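So that the names make sense, note that chain A is the first sequence line, chain B the second, and so on, each numbered from 1. Note that the structure is predicted; figures quoted are calculated from it, not measured.
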There are 2 protein chains.
Amino acid sequence: MNIKDIAKIAGVGVSTVSRVLNNHSDVKDETREKILKIIKDSNYVPNNSARILKQNNTKNIGVLVKGVFNPFFSEMINIIGNKIHEYGYTMVLQQNDYTFDEDMDTLLGFIKEKRLQGVICLGGNFIDIKEDSFDSVDAPIVLTSVNTISDLGKSKYSSIGIDNKKSAYHATKYLINLGHKNIAIMLGEKDDLGIGWWRLKGFKEALLEYNYNFSEEHILIGNYEVESAYKTTKNLLMEKPDISAIFAISDAMAIGVAKAIIDSDLKIGQDISIIGFDGMNISEFYNPSITTVKQPKELMAVMSINHLFDLINKKEGHKHILLDTELVKRESSKEVKIVENILA
Amino acid sequence: MNIKDIAKIAGVGVSTVSRVLNNHSDVKDETREKILKIIKDSNYVPNNSARILKQNNTKNIGVLVKGVFNPFFSEMINIIGNKIHEYGYTMVLQQNDYTFDEDMDTLLGFIKEKRLQGVICLGGNFIDIKEDSFDSVDAPIVLTSVNTISDLGKSKYSSIGIDNKKSAYHATKYLINLGHKNIAIMLGEKDDLGIGWWRLKGFKEALLEYNYNFSEEHILIGNYEVESAYKTTKNLLMEKPDISAIFAISDAMAIGVAKAIIDSDLKIGQDISIIGFDGMNISEFYNPSITTVKQPKELMAVMSINHLFDLINKKEGHKHILLDTELVKRESSKEVKIVENILA
DNA sequence: TTGTAAGCGTTATCAT
DNA sequence: ATGATAACGCTTACAA
């Protein structure tokens with residue numbers, strides 16, 4: 001069943017049917033009604049590929065996600081997906097977890113292969129952006145919550161994210177002001193080159209400001225997983241009891257840390273304070289509730305997709321936005337308890 | 001840059017280029033190398049639409065999700081997405097949260113519009129499947145973790161899920177055997193017609209077996225959300241202290257219930273026992289850990305996508321699979337404490 | 001082993 | 001207001 005069949009049944013030419021299909025005004029109402037009825041009756045759906053071939057517009061928006069296991073992104077994908085659908089476009093979702101290519105290559109290939117009209121990257125490392133990196137594609141690109149370092153090529157793409165360094169700095173400072181001197185930080189991976197690198201930097205900066213010493217031993221690795229974080233923390237607690245606070249750079253890891261503390265018969269807050277990062281709702285409902293750096297994820301999602309459509313429709317040019325985070329103070333972080341030195 | 005340009009540059013006919021593109025064997029190695037080099041140098045990517053138009057194979061797999069906010073599905077989408085990519089197909093993800101159409105109509109429209117080669121539905125209600133419901137499409141369909149009622153048309157689609165009634169029955173029985181007599185159940189919505197309906201049925205069945213009374217007052221509504229569950233439970237605890245256990249039909253709601261109990265100065269396990277449903281890892285790491293009905297979500301995801309490809313490749317026919325759940329016993333459910341009646 | 005040309009289902013241009 | 005037809009970029013007989 002194609003446009004020709006419909007035309008034949010209706011006793012009109014294919015162009016008339018096409019006009020009806022595309023809501024052109026120059027069709028007699030009567031004819032339009034008749035054709036519409038036939039289309040409906042025969043369950044005809046236009047062939048998208050033929051349309052795209054002709055119009056050169058796939059109406060496909062790509063969403064490239066690094067680390068989909070991150071529940072933080074799931075919700076954003078949801079918001080983005082709904083908006084894409086609303087705009088009459090199709091979402092093509094591709095994960096990028098197990099690819100060891102440069103994220104850049106994956107992105108460029110993705111756009112070309114799927115002939116995307118635009119793409120949003122959720123997470124990932126784009127540390128080697130060059131001035132001409134995006135010259136070979138003309139689909140607008142929005143990098144959301146990704147790690148970039150270079151200032152090159154900034155006029156060729158947009159980015160939306162938070163100030164990771166600053167957020168980590170404030171979180172750490174908050175702990176310091178509570179009297180903590182021996183603070184550990186839990187990163188995702190050893191030598192994390194992504195956002196973890198910036199958060200570590202903010203952490204160190206706060207420490208430096210107060211002349212507190214920082215050693216590699218204060219770095220814990222949690223693989224961004226609850227389970228890993230749990231094991232790492234348990235091991236730590238058996239060896240180094242002089243730590244009074246742990247700053248985990250994801251809420252998922254903060255949960256693992258919390259449970260490890262509990263299972264080690266220590267009291268969260270009293271014995272060891274915790275701060276997480278992300279602002280997932282479990283941090284609020286955990287027992288005890290967990291202090292966290294809340295990212296404005298709904299806003300990030302909405303801005304990303306709206307801005308992308310503005311770019312597509314050429315209503316706006318590329319821009320780079322840093323949104324504010326909020327330090328949500330909860331039960332897991334308390335003033336450090338004064339340890340009376342019996343020998344003193 | 002199209003196939004003609006490449007052919008011109010290489011000094012060959014378009015069909016030779018096409019043969020190279022499609023890995024046909026009947027091309028001289030020398031010619032192949034030359035063409036491959038030109039393709040690479042000129043960054044040429046074949047136009048998918050033209051290809052599809054000709055071959056009538058989009059290589060698109062649809063994933064239609066109801067309730068993507070459910071973190072339970074996110075992980076499954078991840079597994080499914082990776083497999084689709086691995087098979088050289090593209091995943092088209094569509095959410096179905098705010099659609100009030102029948103899920104059936106959405107599904108059929110989705111397949112036709114995107115010309116899908118196959119589709120997996122994650123969640124949703126397909127209670128009105130007729131014998132000929134799927135006759136108008138020829139893409140194989142796998143319904144995963146969805147609610148079906150009718151036995152009609154079973155040879156036209158596949159399904160993979162768990163036995164919701166049985167699972168709920170066993171969970172309830174476990175509570176009863178711990179001595180609980182006044183058990184509340186928390187459903188997603190009032191008059192839940194989906195899986196909630198079956199879980200409620202299993203719940204009632206267990207109660208009936210022990211001649212325990214069931215009243216509408218034992219039904220709580222939590223909207224499948226942590227927050228809602230929290231509020232509902234808090235209200236309940238202010239009014240009805242004769243309940244000794246709550247069975248929440250999702251882990252997310254179980255967390256809300258747990259926190260509400262804690263905030264009401266009651267002890268989970270001692271005062272009120274909790275059972276959740278799904279087997280998300282937070283149930284293990286919550287404080288205290290929460291008993292739950294664990295669904296084999298990885299297995300469900302893997303089976304769904306593998307079976308779909310078997311159907312596409314006609315290696316197998318439609319089938320209906322019920323997987324086993326596991327009741328994971330944890331700290332949140334304990335023997336009911338004996339209440340000494342002081343007046344007795 | 002390679003080239004020529006028809007045809008996939010649309011849309012858009014140009015007549016009428 | 002409507003119809004005939006070229007063109008989009010590819011694959012695949014068929015011919016050479």
Base of [N] paired with side chain of [X] (donor-acceptor, under 3.5 Å):
| X | N | answer |
| --- | --- | --- |
| A/K54 | C/dA12 | no |
| A/T16 | D/dG3 | no |
| B/S15 | C/dA5 | no |

Rounded to the Å, how far apart are [X] [atom1] and [N] [atom2]?
| X | N | atom1 | atom2 | value |
| --- | --- | --- | --- | --- |
| B/K4 | C/dA6 | NZ | P | 13 Å |
| A/I35 | D/dG3 | CD1 | P | 8 Å |
| A/I39 | C/dT10 | CD1 | P | 10 Å |
| A/N57 | D/dC8 | CG | C1' | 14 Å |
| A/K8 | D/dG3 | NZ | P | 14 Å |
| A/I3 | C/dG9 | CD1 | C1' | 8 Å |
| A/N22 | C/dG9 | CG | P | 17 Å |
| A/H24 | D/dG3 | NE2 | P | 16 Å |

### Donor on one side chain, acceptor on other, B/S159 and B/H320, under 3.5 Å
yes
### Message
Whether the A/K114 and B/T90 side chains hold a donor-acceptor pair (N or O, under 3.5 Å, no angle test) is what I'd like checked.
### Response
yes
### Query
So, is B/T31 near the phosphate of C/dT2, with a side-chain N or O under 4.0 Å from OP1 or OP2?
yes
### Query
For D/dT11, does either OP1 or OP2 sit under 4.0 Å from a side-chain N or O belonging to B/S18?
yes
### Message
Quick check against the 3.5 Å criterion: does A/K34 have a side-chain atom that pairs as donor or acceptor with the backbone of A/A10?
### Response
yes
Closest to the [X] side chain: [options]?
| X | options | value |
| --- | --- | --- |
| B/L53 | C/dC8, C/dT1, D/dA1 | C/dC8 |
| A/N47 | C/dT1, D/dC10, C/dG9 | C/dG9 |
| A/Y44 | D/dT12, C/dT10, C/dA12 | C/dT10 |

Contact class for [X] (heavy atom, under 4.0 Å): base, sugar-phosphate, or nothing?
| X | result |
| --- | --- |
| A/N2 | sugar-phosphate |
| A/V14 | base |
| A/N48 | nothing |

## Note on the structure
Here the gap from A/Q117 atom CD to A/D138 atom CG, rounded to the nearest 0.5 Å, amounts to 9.0 Å
### Query
Pick the nucleotide of DNA chain C nearest each of A/M1 and B/R19; which residue has the one closer to the 5' end?
B/R19
#### Entry: B/F134 six-ring face occupied by B/K156 cation (under 6.0 Å, within 45°)
no
